[in-house]
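When reading the values below, keep in mind they use all heavy atoms of this one structure, side chains included, and skip hydrogens, waters and symmetry mates.
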Amino acid sequence: MRRPIKLAMIGFSALTALLFVWLAINTIISEDAIGMHEMIRPAGRPVVTVMLFLIIATLLSASLYLSDTKGVIEQEPSGFFDIISLVCSRLAMIAVGLIVLVMFFEVVSRYVFSRPTLWANELSLWIASFVFLLAGQYAMQQRSHIRIYVVYDIMPRWMQKTADVISVGLICTFTLALVWGGYNDALRRFLRMETFGTAWDPPIPGTVKPAILFIIVLVTIQAVSNLIADWNKAPEHHSAADDIDEVEIENIRRTLEGDK
């Protein structure tokens, strides 16, 4: 599956780049050019619809392709939901790069050409909100969220399992309460695509509020997946040495030695 996904990623990326170049040229030669204001209002604009589809397809295919790679400090996927969380994590990583590009474009446009945009700040906030949410899911999959082991490590294994069940139960309870209390409001905002109330006016409330509920459900499913995957593991004991990244230390050492 890796090769077809790679080919799909390359194909969608190439088509997206070509259409982007065409739109960029069109803004110079045409008075009816499609700009960022029209890009979030695809109704009656088939070119915008195609562009949005290609962007989404490119991001999804790239996330799928990159999810098959394992970072140096990443844990091996072991739960039934891990692959979904890894795909989402790669999407968040790509989104960080997009934020950098957006802000770079804004800085150059503002300070070099004296033509600040109306959309760069809001677009970066919009993307960053999804990065924040997806990062929580990735942290849950990697077991890298904040945990206090002082009491947990001295428990026998049966008591550790009990504590894990209680923790996951509390997460499920919190998710149920959040979805129960926020579903109607999120649905209303989504159906009317509530906007931000600015000049560019992106539908940030109409997309982020439903995303909060959706992704917190994904985080909860990942917590259940972790519980099942870790159920028969041997007891783990933690120390301050666990937080030391030997690879990073070695890279720093090489850098310092190279500067001499």
Side-chain angles (χ1 to χ4, degrees), residues 12-13 16-17 19-60 62-63 88-138 178-179 181-219:
F12 285 129
S13 300
T16 303
L19 186 54
F20 174 79
V21 170
W22 182 82
L23 289 173
I25 295 174
N26 200 40
T27 58
I28 301 174
I29 63 176
S30 175
E31 295 182 357
D32 299 326
I34 296 174
M36 288 299 293
H37 184 81
E38 291 77 20
M39 284 301 298
I40 58 173
R41 296 167 177 84
R45 299 182 178 94
V47 174
V48 175
T49 303
V50 172
M51 185 63 177
L52 293 176
F53 169 79
L54 288 175
I55 292 173
I56 293 172
T58 300
L59 292 174
L60 289 179
S63 301
C88 292
S89 73
R90 274 36 180 188
L91 181 60
M93 294 174 189
I94 296 171
V96 172
L98 294 178
I99 294 174
V100 173
L101 291 176
V102 170
M103 296 312 296
F104 176 78
F105 180 88
E106 170 65 12
V107 169
V108 173
S109 180
R110 179 183 295 268
Y111 295 106
V112 177
F113 299 103
S114 298
R115 297 183 61 184
T117 67
L118 296 174
W119 50 265
N121 181 61
E122 291 160 22
L123 181 58
S124 63
L125 290 175
W126 199 2
I127 299 173
S129 62
F130 286 93
V131 172
F132 177 80
L133 293 170
L134 295 174
Q137 183 182 353
Y138 178 55
L178 188 67
V179 174
Y183 176 79
N184 290 330
D185 180 57
L187 183 62
R188 284 194 300 269
R189 292 171 186 264
F190 179 74
L191 291 178
R192 68 170 182 258
M193 269 297 128
E194 183 176 333
T195 57
F196 207 46
T198 57
W200 189 42
D201 209 21
I204 294 179
T207 53
V208 173
K209 184 62 181 290
I212 292 174
L213 301 185
F214 179 71
I215 296 177
I216 197 64
V217 170
L218 298 184
V219 173

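- For the residue pair S109 and T117, no side-chain donor N or O sits within less than 3.5 Å of a side-chain acceptor on the partner.
- G136 and V219 get closest at one heavy-atom pair: C-CG2, 4.2 Å.
- Interatomic distance, Y183 OH to F190 CZ, rounded to the nearest 0.5 Å: 10.5 Å.
- Side chains of N26 and W22 form a contact here, defined as non-hydrogen atoms less than 4.5 Å apart.
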(message) For a side-chain contact (heavy atoms from CB on, under 4.5 Å) check, start with the C-alpha distance between E106 and N121, then their side-chain angles and the critical distance, and finish with the verdict.
(response) CA-CA 8 Å; E106 170 65 12; N121 181 61; over 6 Å; no

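- Residues E122 and I204 share a closest heavy-atom pair of O-CD1, 3.8 Å.
- The minimum heavy-atom distance linking T58 with S13 is given by the pair CG2-OG, 3.3 Å.
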(request) In sequence, state the C-alpha distance, the side-chain angles, and the governing distance for W126 and V102, and then conclude on side-chain contact (heavy atoms from CB on, under 4.5 Å). (result) CA-CA 11 Å; W126 199 2; V102 170; over 6 Å; no

(message) Set out, in order, the CA-CA distance, both residues' side-chain angles and the distance that settles side-chain contact (heavy atoms from CB on, under 4.5 Å) for T207 and M193, then state yes or no.
(response) CA-CA 7 Å; T207 53; M193 269 297 128; 4.1 Å; yes

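- From L54, atom CG reaches atom CG of L59 across 11.0 Å, with rounding to the nearest 0.5 Å.
- For the atom pair CZ (R189) and OG1 (T195), the distance works out to 11.0 Å, reported to the nearest 0.5 Å.
- The two residues P205 and P210 make their nearest non-hydrogen contact at O-CD, 3.9 Å.
- Note: W119 and W200 have tilted aromatic rings, judged against thresholds of 30 and 60 degrees for the angle between ring planes.
- No side-chain donor-acceptor contact under 3.5 Å links Q137 to the backbone of L134.
- Once rounded to the nearest 0.5 Å, the distance linking CE of M39 with CG of L123 reads 10.5 Å.
- Distance check, rounded to the nearest 0.5 Å: CG of D185 to CD of E194 gives 7.5 Å.
- A 6.0 Å sphere centred on CZ of F130 holds more than 12 heavy atoms belonging to other residues, nucleotides or ligands.
- Contact annotation: the side chain of V48 never approaches that of M51 to less than 4.5 Å [non-hydrogen atoms, C-beta and beyond].
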(request) Show the numbers, then the answer: is there a side-chain contact (heavy atoms from CB on, under 4.5 Å) between L52 and R45? (result) CA-CA 11 Å; L52 293 176; R45 299 182 178 94; over 6 Å; no

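- L118 and A199 get closest at one heavy-atom pair: CD1-CB, 4.1 Å.
- Minimum heavy-atom separation, P202 to I40: CA-CD1, 3.6 Å.
- Atom CG of residue L98 and atom CE of residue M103 lie 13.5 Å apart, to the nearest 0.5 angstrom.
- Residues L19 and V47 meet the side-chain proximity criterion, which asks for heavy atoms closer than 4.5 Å.
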